[in-house]
Amino acid sequence: MVTTLPDAIEWTIKGLKSDGLNQQYHRYDRYLRGKHPLQFATAKYQSAFGQLLQALAYDRTNMIVDALADRLQVIGFTGKGTAGKEALALWDANSMDRREGEVETEALGKGDAYLIVEKHPRTGKVHYWPNDADRCRIFYSEEEPGQTEFGTKFWKLDSGYMRLNVYRRDRIEKYISRTKITSGVPTSAKVFEEFKVDGEAWPVMLDVTDTVPMFHIGNNARTGGYGQSELLHALPMQDALNKTLGDLMVAMELGAFPQKVILGVDRLPPAQTPEGEEARKKLNEFELGMDRILTVIGQNARIAEFQAVALAQFIATAEFFDKTISRVTRVPVHYLSMTADFPSGTAERLAETPFVAKIENRQRARGEIYGNASAYGLRLNGVADPGEITPVWKSAAPLSIEEELDMAMKQRGIGVPLEYVLKGISTIEKTDIPKIITMVARSREEAARAFNSGALTPT
């Protein structure tokens with residue numbers, strides 16, 4: 001078990017040199033930013049058309065990630081007593097209703113994301129800090145799989161020095177490199193020294209000492225391991241799709257129109273000779289136009305035509321790769337192929353069954369992590385025993401507005417709180433919910449006063 005200071009830093013440095021994770025993260029990030037390589041293009045192809053097609057990317061990576069992230073939305077929490085409501089208030093205070101999307105995009109796109117929960121050293125308020133995968137590492141216990149022993153975060157300052165924090169259950173240790181790190185990874189832990197902040201103790205001792213304040217969101221990860229990007233099996237198809245669209249563009253540029261050719265005429269004399277100039281003047285007579293009739297005079301002269309390249313085959317191939325991407329990612333193909341033929345409600349639900357199952361799987365995995373992070377945040381905020389905090393998720397299966405309203409009526413009928421019910425109606429803005437609750441309460445009070453005064457009688 002890693003417990004000493006040098007071990008934590010040395011372990012991080014060793015990982016950066018050998019685990020290859022950052023190379024993976026940077027590769028996925030390039031695709032998500034639209035910087036797709038011409039993977040299947042030969043050297044000759046790239047030499048001839050590389051500049052023309054450099055910016056061509058028929059991106060499906062963002063659609064895959066967004067389709068999942070849009071359904072992975074926390075809309076509430078449950079917990080002991082009022083702990084669920086307090087957890088949601090803390091979640092909202094940290095703008096996690098918006099920043100959760102950033103965390104999910106990072107986790108789904110790269111495979112890993114991190115959430116650091118701590119008290120701000122100056123304000124004392126509890127903060128949730130989303131962190132990128134390529135800046136963090138987590139060490140899990142070998143004796144207790146899934147149990148975090150410590151986490152590290154590292155980043156380079158504009159000055160060229162490198163910062164590194166070690167997050168343990170009872171403290172946070174902050175370090176800085178003794179010299180500027182011009183490139184690559186530091187050589188050893190000896191490169192670092194304590195980084196002390198004015199007015200702050202070193203190390204920073206934590207109020208809650210049973211949980212490491214860095215929470216790892218590993219997408220489709222095994223217990224005690226790093227995650228897997230949703231793009232892992234899609235990138236080869238994305239590369240093939242880009243190549244197909246590149247071939248289509250080249251075909252449109254070079255062969256989309258019929259080409260005329262004149263046969264049975266002599267080779268042209270050199271242009272610098274009188275005969276050559278005369279021959280070229282005659283060729284001008286073959287320019288096509290609405291007001292011209294093309295005529296060839298000569299015993300063996302004739303006009304032939306090269307047919308235009310059939311472009312439909314490229315389009316059909318592109319649609320094939322859309323379907324292949326759908327199969328390997330379980331994102332419904334109608335998310336990728338926007339046509340006029342939208343599926344019916346029943347057909348759409350059937351097509352989305354594997355997709356919904358995948359989302360629900362991700363919700364279960366995320367639920368424990370977000371619940372633990374929220375419980376830790378509440379304890380930092382002074383809640384002694386919040387109990388088990390569990391996120392309430394937006395439904396993985398989309399409902400029509402009629403189905404949403406019917407569900408809301410049934411929930412109210414069994415006593416579900418109005419605030420929770422309103423959060424489940426997609427047409428109601430979250431910022432309007434407090435106003436609606438106030439209006440409903442006022443309406444009830446007015447109705448009660450009218451009834452008590454005799455203005456209303458029961459029916």
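For clarity, every value in this text was computed on a predicted model and none was experimentally measured. One is the number of the first residue; the rest follow in order along the sequence.
Between K80 and E86 there is no salt bridge, since none of the side-chain N atoms of the basic residue sits less than 4.0 Å from a carboxylate O of the acidic one.
Relative to the six-membered ring of Y128, R99 misses at least one condition, a distance below 6.0 Å or an angle of at most 45° to the axis. The cationic atom of R30 (NZ for Lys, CZ for Arg) does not lie both less than 6.0 Å from the six-membered ring centre of Y28 and within 45° of the ring axis. Because its NZ or CZ atom is both nearer than 6.0 Å to the ring centre of F150 and within 45° of the ring axis, R168 counts as a cation-pi partner of that residue.
Proximity of a side-chain donor or acceptor of N219 to a complementary backbone N or O of S229 within less than 3.5 Å is not detected. A donor-acceptor contact shorter than 3.5 Å is absent between the side chain of T209 and the backbone of D170. With hydrogens and angles disregarded, a donor-acceptor distance shorter than 3.5 Å links the side chain of E10 to the backbone of A189.
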Please walk me through it: do Y58 and H36 pass ring pair (Phe, Tyr, Trp, His ring centres under 6.0 Å)? CA-CA 9 Å; Y58 192 34; H36 299 193; over 10 Å; no

Carefully, step by step, assess R444 and E446 under the rule salt bridge (Lys or Arg N to Asp or Glu O under 4.0 Å). CA-CA 5 Å; R444 287 175 176 171; E446 292 174 354; over 6 Å; no

Carefully, step by step, assess Y175 and W202 under the rule ring pair (Phe, Tyr, Trp, His ring centres under 6.0 Å). CA-CA 10 Å; Y175 300 92; W202 198 101; 5.5 Å; yes

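Applying the 6.0 Å contact sphere to CD of E388 captures no more than 12 heavy atoms from other residues, nucleotides or ligands.
Side-chain contact, N242 with D239: no donor N or O sits under 3.5 Å from an acceptor N or O.
T12 pairs with exactly one of V166, V185, T152, D7 by the side-chain contact (heavy atoms from CB on, under 4.5 Å) rule, that one being T152.
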